Amino acid sequence: MSLLLLAAALGAAARPGAPVDCAGYYYFADGRRIETVTLDAQGAVKNRKLMTVRAGQVTPRSATAQLTTRSLDTREPAATSEARCENGDLLLDLTGSLPSQKEALSSRRPVLLRYPAGMRVGDTLESRVDFDLDGETKGKAMKVRFSLADRRVQALSAIDTPQGRRQAFVIRSTLNISFRLIGIAIPMRYELVEFFVPGLGVMRTAAEEKGRTVERSTVRFLN
């Protein structure tokens, strides 16, 4: 399994609770390139991804972009996802950041997950639940069902970012995955952890299984 990370931003990050400028999120900096490095449970590099931003119209209160992510380690096809900003709220396409597998998965529509500009510790955030991705393994059709629940802002944590030390909200959620092949369902369950900096983006992620971190990802901005 690998966890794709969507992360980073151009411009100064706002402190938690302050007004958020949509143009500050990296996701809307046209041409920006971000490298995501994912480590496995032993700390070894599991994969490296390069995301490139193609921004649409960007203003302080609204923005849109298409994000193209490709592997730096394999020849798998590039994946595209969507990002939006509405009055400082960031919306990221969940299908571009979920744990995935070696076989390619595709979605018929974006599933946008909201990161509110005014979030506070203790908040329960909206979740998208029960959506499917289609795939294929060894020539056989496969359907993967995702259910995201119990998404909450757990804490504040100071972290290092490419733009200096920032306060990040720690967001935890529960992800249930069911792989269905030839009528047989294989369930999996993860606890997802995100470090979200208002006005900057998701800077770190981790996936836990049965209380054990099975992978973690960080990002860096490329020139």
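A quick note: this is a predicted structure, and the numbers were derived from the prediction, not measured.
R152 places a side-chain N or O within donor-acceptor distance of the main-chain N or O of D150, the cut-off being under 3.5 Å. Using a distance-only test at 3.5 Å, with no hydrogens or angles considered, no donor-acceptor pair links the side chain of R216 to the main chain of T213. R54 places no side-chain N or O within donor-acceptor distance of the main-chain N or O of T68, the cut-off being under 3.5 Å.
For the atom pair CE of M188 and CG of N176, the computed distance is 11.0 Å after rounding to the nearest 0.5 Å. The distance from the CG atom of D30 to the CD atom of Q66 is 11.0 Å, given to the nearest 0.5 Å. We find the CG-CD1 distance between L200 and I159 to be 8.0 Å, quoted to the nearest 0.5 Å. A distance of 11.5 Å separates OG of S217 from CZ of R204, quoted to the nearest 0.5 Å. Rounding to the nearest 0.5 Å gives a distance of 11.5 Å between CG of D160 and OG1 of T218. How far CZ of R33 is from CZ of R220: 9.0 Å, rounded to the nearest 0.5 Å.
Under a hydrophobic-cluster definition in which Ile, Leu, Val, Met, Phe, Trp and Tyr are linked whenever side-chain heavy atoms come within less than 4.5 Å, directly or via other members, L72 and L67 are assigned to different clusters. Hydrophobic clustering (ILVMFWY, side-chain heavy atoms < 4.5 Å, transitive): V214 and V37 are in distinct clusters.
Residues D93 and L112 form a side-chain contact, since some pair of their non-hydrogen atoms from C-beta on lies under 4.5 Å apart. Counting heavy atoms from C-beta outward, L39 and V45 have side chains that approach closer than 4.5 Å. Within the 4.5 Å cutoff, side-chain heavy atoms of E86 are placed close to those of L91. At least one side-chain heavy atom of V193 sits under 4.5 Å from a side-chain heavy atom of F195. A heavy-atom distance below 4.5 Å is not found between the side chains of D40 and E215. The side-chain heavy atoms of L222 and I34, taken from C-beta on, include no pair separated by under 4.5 Å. Within the 4.5 Å cutoff, the side chain of E208 has heavy atoms near those of the R172 side chain. Under the 4.5 Å side-chain criterion, counting only non-hydrogen atoms from C-beta, V153 is in contact with L125.
A pairwise comparison of heavy atoms in S127 and L148 identifies CB-O, 3.4 Å as the closest pair. The shortest heavy-atom contact between P162 and V219 is CG-O, 4.3 Å. Between V58 and F28, the shortest heavy-atom distance links the atoms CG2-O, 3.7 Å. The two residues A83 and L92 have their closest heavy-atom pair at CB-CD2, 3.9 Å. Between F221 and Q163, the closest heavy-atom pair is CE1-NE2, 3.9 Å. Closest approach of R151 to E126, counting heavy atoms only: NH1-O, 2.8 Å.
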Next on the checklist: Let's go through E191 and T174 carefully: what are the C-alpha distance in whole Å and the side-chain angles of both, what is the deciding distance for side-chain hydrogen bond (donor to acceptor under 3.5 Å, both in side chains) to 0.1 Å, and is it a yes or a no?
Outcome noted: CA-CA 5 Å; E191 292 294 319; T174 300; 2.9 Å; yes
Checklist entry - What do the steps show when you test F169 against D123 for side chain to side chain contact (heavy atoms under 4.5 Å, CB included), and what is the final call? => result CA-CA 11 Å; F169 287 106; D123 283 355; over 6 Å; no
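For the salt bridge (charged side-chain N to carboxylate O under 4.0 Å, His left out) condition, no pair includes a residue of residues 55-70, sequence neighbours left out. Applying the disulfide bond (SG atoms under 2.5 Å apart) test to pairs two or more places apart or on separate chains, those with a residue in residues 22-71 are C22-C85.
Below 30°, between 30° and 60°, or above 60°: for Y25 and Y27 the angle between ring planes is between 30° and 60°, a tilted geometry.
Take D89 and apply the salt bridge (charged side-chain N to carboxylate O under 4.0 Å, His left out) test, not counting sequence neighbours, and it matches R114.
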